[in-house]
Structure formats: structure tokens, C-alpha cells
Amino acid sequence: MVWRIKSIIPVAILTVLCLCCMLRGGETAVISIDFSNEWLKVALVKPGVPMEIVLNKESKRKTAAIVALRDSERLFGEPASSVAVKYPKKAYQFLQFLIGLHYDNPLVKKYREWFPYYDIRKDGQRGNGFLIMT
């Protein structure tokens with residue numbers, strides 16, 4: 001009996017949240033995130049307002065999809081692009097090419113040719129490639 005009550009509680013909470021959202025349906029907004037290989041874009045749709053592209057800190061509509069690790073600091077976007085010019089080993093870009101691919105895949109081989117300074121190793125259990133960030 002106790003396990004049935006425990007399994008009903010999450011369903012009840014979800015139902016109440018859905019009902020609250022339906023009652024306040026005119027006030028909701030939808031966000032869309034386009035995370036491509038080179039750029040990141042965010043769009044926002046609100047009732048009564050046409051779709052708009054959200055601006056980043058630099059007042060641009062698209063942000064570079066690059067991450068840099070430097071001096072115990074994580075940088076993303078334009079600051080990370082600046083780091084990539086001086087310290088290419090510290091900036092990681094085009095990581096979407098590696099997601100879900102086996103280490104022996106030709107795209108992983110091409111990625112290793114493009115970025116020879118990245119340490120990409122083979123996972124012993126799954127055979128996927130993974131990136132060692134230093």
C-alpha cells in the first residue's frame with residue numbers, strides 16, 4: 001500500500017502543475033535553443049509578441065559555441081574565442097562532432113586532424129572517443 005502512495009505522489013504533483021499552466025496559458029512563453037557546431041542561438045516566443053532572437057552580452061544574436069578553461073576560469077562565447085587565438089589547447093570548439101561517435105569513426109579521425117593538440121582517447125567499454133581537458 002505504501003509503494004502505491006509513493007508512486008501516485010509524483011503523478012499528482014505533475015497533474016497539478018499541468019493544470020496551473022493551463023489556467024495561466026495566456027502568460028506563458030516558449031524558449032528555443034539552437035546549439036549547432038559553430039554557433040548558439042536562443043529565440044523567445046511570448047503571447048502578443050512575434051518571435052525574437054535573444055541578444056547576448058555583446059548585443060549579438062549568435063554566440064560562438066566554444067568553451068575555454070584558463071586560470072581556473074570557464075569562458076564561453078566571445079571571451080573563449082579570444083583565448084582560442086592565443087592558447088588553442090585551452091579552448092574547445094566543435095565538440096558536437098564527437099557526441100555519440102565511436103573512436104574509429106571517420107569524423108573523429110578528421111576532428112583529430114583538425115585539432116591535433118586535443119587529447120582524444122578511446123573508451124574501453126563503449127568504444128566512444130572522449131576528450132581529456134587539461
Least distance between heavy atoms, Lys62 atom then Asn56 atom: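 Nearest heavy atoms, Lys62 then Asn56: O-ND2, 3.6 Å.
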Smallest separation among heavy atoms of Ala91 and Ala80, with atom names: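 Between these two residues, the closest heavy atoms are CB-O, 4.1 Å.
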How long is the straight-line distance from [atom2] of [Y] back to [atom1] of [X], given to the nearest 0.5 Å?
X: Met51; Y: Ser32; atom1: CE; atom2: OG; result: 7.5 Å
X: Thr63; Y: Lys57; atom1: OG1; atom2: NZ; result: 10.0 Å
X: Tyr103; Y: Lys109; atom1: OH; atom2: NZ; result: 11.0 Å
X: Phe115; Y: Lys89; atom1: CZ; atom2: NZ; result: 14.5 Å

Residue pair Arg70 / Pro79, side-chain heavy-atom distance below 4.5 Å: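 No - every pair of side-chain heavy atoms lies 4.5 Å or more apart.
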Note, Lys46 side chain near Leu44 side chain (heavy atom, < 4.5 Å):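 Yes. Closest side-chain heavy atoms under 4.5 Å.
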Tyr118 versus Arg112, side-chain donor and acceptor atoms under 3.5 Å: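 Side chains of Arg112 and Tyr118: no pair found under 3.5 Å.
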Test of understanding: clusters of I, L, V, M, F, W, Y form through side-chain heavy atoms closer than 4.5 Å, transitively. Do [X] and [Y] belong to the same one?
X: Leu95; Y: Leu75; answer: no
X: Tyr92; Y: Leu107; answer: yes
X: Trp114; Y: Val83; answer: no
X: Val54; Y: Ile33; answer: yes
X: Phe94; Y: Leu69; answer: yes

Steps toward side-chain contact (heavy atoms from CB on, under 4.5 Å) verdict (Val108, His102): CA-CA 8 Å; Val108 175; His102 285 274; over 6 Å; no
Steps toward side-chain contact (heavy atoms from CB on, under 4.5 Å) verdict (Gln93, Glu38): CA-CA 8 Å; Gln93 51 192 340; Glu38 194 171 355; over 6 Å; no
Short N-O contact, Lys122 and Asp104, less than 4.0 angstrom: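 Counted as a salt bridge, because a side-chain N and a carboxylate O are separated by less than 4.0 Å.
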NZ/NE/NH1/NH2 to OD/OE distance under 4.0 Å, Lys110 and Glu113: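 Looking at Lys110 and Glu113, the cut-off is met.
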side-chain contact (heavy atoms from CB on, under 4.5 Å) evaluation trace for Ile66 with Phe76: CA-CA 6 Å; Ile66 181 171; Phe76 184 76; over 6 Å; no
Donor-acceptor contact present, side-chain Asp71 to main-chain Glu73, <3.5 Å: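 Absent.
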side-chain contact (heavy atoms from CB on, under 4.5 Å) evaluation trace for Ile31 with Val42: CA-CA 7 Å; Ile31 191 169; Val42 178; 3.6 Å; yes
